[in-house]
Amino acid sequence: MLKYRLITALILIPLVIAALFMLPPKGFALVTLGVCMLAAWEWGQFAGLGSSAQRLSLAFICGALLALMTLSLPNYHYSVHLLPIRLSLWVSLAWWCAALLLVLSYPGSAGFWRNSKALRLLFGVLTIVPFFWGMVALRQHHYDSDPFFGAWWLLYVMLLVWGADSGAYMFGKLFGKHKLAPKVSPGKTWEGFVGGLATSAIISLLFSVYAPLGVAPFTLLICSVVAALASVLGDLTESMFKREAGIKDSSHLIPGHGGVLDRIDSLTAAIPVFACLMFLVFKTV
């Protein structure tokens with residue numbers, strides 16, 4: 001299993017970096033849309049869609065929705081000032097606050113959504129659609145003046161999330177004793193949680209010194225820590241839905257890594273939350 005994980009990671013990481021820096025906004029949006037369609041297909045299991053046809057239909061509906069929203073915007077300029085993007089980011093912030101309550105009160109909270117396919121589908125929309133717009137808005141940021149500026153921002157958030165995940169894993173293995181959310185994800189510990197946040201803070205400080213993103217260091221640190229917290233919540237939220245669905249992985253699309261949602265669960269929360277804070281709360285644009 002470790003061999004497959006390493007091989008897959010060695011293939012995927014260069015592809016992700018190439019997509020960030022080499023694709024124009026339209027091409028990047030199309031790739032992100034494809035990822036979101038795969039995520040929607042996997043979410044069908046969380047929503048209780050038993051047949052492959054139902055899950056494929058969900059994926060195509062998700063793709064059509066995002067495509068229509070994208071085509072409604074002028075000339076592929078995905079400015080955060082446009083209403084669909086701005087609204088999606090605010091909705092995302094509200095959704096992840098609600099998701100925090102669901103996770104904290106689980107399994108009791110599952111009582112009102114466990115038997116409702118409509119609610120579970122709604123949770124998927126609230127997770128996937130703002131993730132799409134967060135990705136394309138960050139990539140588009142200052143594109144006209146510097147085509148790579150937004151790519152650096154996205155890479156920064158990804159490194160932040162991957163660093164938090166790696167830091168949590170290492171600190172949890174070395175020092176983990178106290179369970180973070182035993183009813184949702186028994187393997188996570190408070191020690192790992194703190195270690196992950198510390199790793200994210202270090203990454204933020206290093207970027208502010210050696211690869212400035214044009215943002216005040218304190219603002220960047222605040223947004224980064226909140227995004228790191230959101231990434232943990234994204235992971236726990238997916239774990240909660242998988243536990244209710246009785247599955248270990250969202251799918252087996254990625255050898256050694258499970259499914260697409262298993263790889264982007266943290267990013268589905270961190271990306272839109274970071275974008276919302278930077279663009280709409282602290283107004284860095």
Side-chain angles (χ1 to χ4, degrees), residues 4-5 8 12 16 29-71 84 88 91-92 94-96 98-103 106-107 109-136 161 181 183-185 230-273:
Y4 287 119
R5 288 179 67 90
T8 304
L12 287 179
V16 170
L30 286 173
V31 170
T32 306
L33 187 148
V35 171
C36 290
M37 288 180 67
L38 291 174
W41 175 73
E42 294 178 347
W43 197 280
Q45 292 187 97
F46 302 166
L49 303 183
S51 72
S52 297
Q54 289 177 319
R55 294 170 62 194
L56 282 173
S57 297
L58 179 62
F60 281 111
I61 291 171
C62 175
L65 172 65
L66 293 175
L68 287 172
M69 293 175 72
T70 302
L71 292 173
S88 291
V91 167
S92 176
W95 156 237
W96 288 111
L100 176 62
L101 297 178
L102 294 179
V103 169
Y106 182 80
S109 63
F112 88 93
W113 56 262
R114 179 184 290 124
N115 298 316
S116 172
K117 287 185 179 181
L119 273 178
R120 286 180 285 169
L121 286 171
L122 175 62
F123 295 159
V125 171
L126 295 173
T127 299
I128 295 170
V129 172
F131 167 70
F132 173 82
W133 287 117
M135 289 283 286
V136 296
V161 171
K183 294 179 181 179
V184 176
S185 183
S231 74
V232 177
L233 177 59
D235 189 343
L236 289 173
T237 302
E238 197 214 351
S239 295
M240 176 179 69
F241 289 131
K242 285 194 295 187
R243 184 170 289 273
E244 280 298 310
I247 56 177
K248 182 178 183 295
D249 297 318
S250 58
S251 75
H252 300 287
L253 288 175
I254 307 175
H257 289 263
V260 171
L261 279 171
D262 294 322
R263 293 302 92 209
I264 68 168
D265 53 2
S266 297
L267 291 172
T268 58
I271 291 287
V273 166

Non-hydrogen side-chain atoms of Ile128 and Cys62 separated by less than 4.5 Å | yes
Applying ring-ring contact (aromatic ring centres under 6.0 Å, His included), name anything that partners Tyr106, two or more places apart in sequence or on another chain.
-> none
Taking all non-hydrogen atoms of both residues, which atom of Ala269 and which atom of Ala230 are closest, and how far apart?
-> CB-O, 3.1 Å
What is the minimum heavy-atom distance between Phe112 and Leu119, and which atoms define it?
-> O-CD1, 3.4 Å
Closest heavy-atom pair and its distance - Asp249, Gln45 = O-NE2, 4.4 Å
Between CD1 of Ile271 and OG of Ser231, what distance do you get to the nearest 0.5 Å?
-> 10.5 Å
Taking only residues two or more places apart in sequence, or in another chain, which ones meet Val103 in a side-chain contact (heavy atoms from CB on, under 4.5 Å)?
-> Val184, Leu233, Leu236, Thr237, Met240
Out of curiosity, Ser251 OG to Asp262 CG, how far, rounded to the nearest 0.5 Å?
-> 7.0 Å
Contacts of Arg114 that satisfy salt bridge (Lys or Arg N to Asp or Glu O under 4.0 Å) - sequence neighbours left out | Glu244
Ala40 to Ala59 - nearest heavy-atom pair and separation | CB-CA, 4.0 Å
About how many Å separate CG of Leu30 and OG1 of Thr70, when rounded to the nearest 0.5 Å?
-> 8.0 Å
Examine Phe46 together with Trp113 and report whether their ring centres are nearer than 6.0 Å.
-> no
In terms of heavy-atom contacts, Pro107 and Lys183 come closest through CD-CD, 3.6 Å
Contacts of Phe132 meeting ring-ring contact (aromatic ring centres under 6.0 Å, His included) (sequence neighbours excluded), chain-then-number -> none
Distance (rounded to the nearest 0.5 Å) between Phe241 CZ and Leu102 CG = 6.5 Å
With a cut-off of 3.5 Å and sequence neighbours excluded, list every side-chain donor-acceptor pair involving residues 31-38.
unit_1, atom_1, unit_2, atom_2, d
Thr32, OG1, Phe28, O, 2.8

With no hydrogens and no angle check, is any side-chain donor or acceptor of Lys242 less than 3.5 Å from a backbone partner on Lys248?
-> yes
Interatomic distance, CD@Glu42 vs CD1@Ile247, rounded to 0.5 Å, equals 8.5 Å
Return the minimal non-hydrogen interatomic distance between Val161 and Ser266, and the atom names on each side.
-> CG1-CB, 3.5 Å
Pairwise distance CZ(Arg263) to OG(Ser250) - rounded to 0.5 angstrom = 9.0 Å
Any side-chain heavy atom of Leu253 within less than 4.5 Å of one from Trp41?
-> yes
List in chain and number order the residues that pass side-chain contact (heavy atoms from CB on, under 4.5 Å) with Thr127, two or more places apart in sequence or in another chain; answer none if no residue qualifies.
-> Trp43, Trp95, Trp96, Thr268
Do Leu65 and Met69 pass the side chain to side chain contact (heavy atoms under 4.5 Å, CB included) test, and can you show the C-alpha distance, the side-chain angles, and the key distance before you say yes or no?
-> CA-CA 6 Å; Leu65 172 65; Met69 293 175 72; 4.1 Å; yes
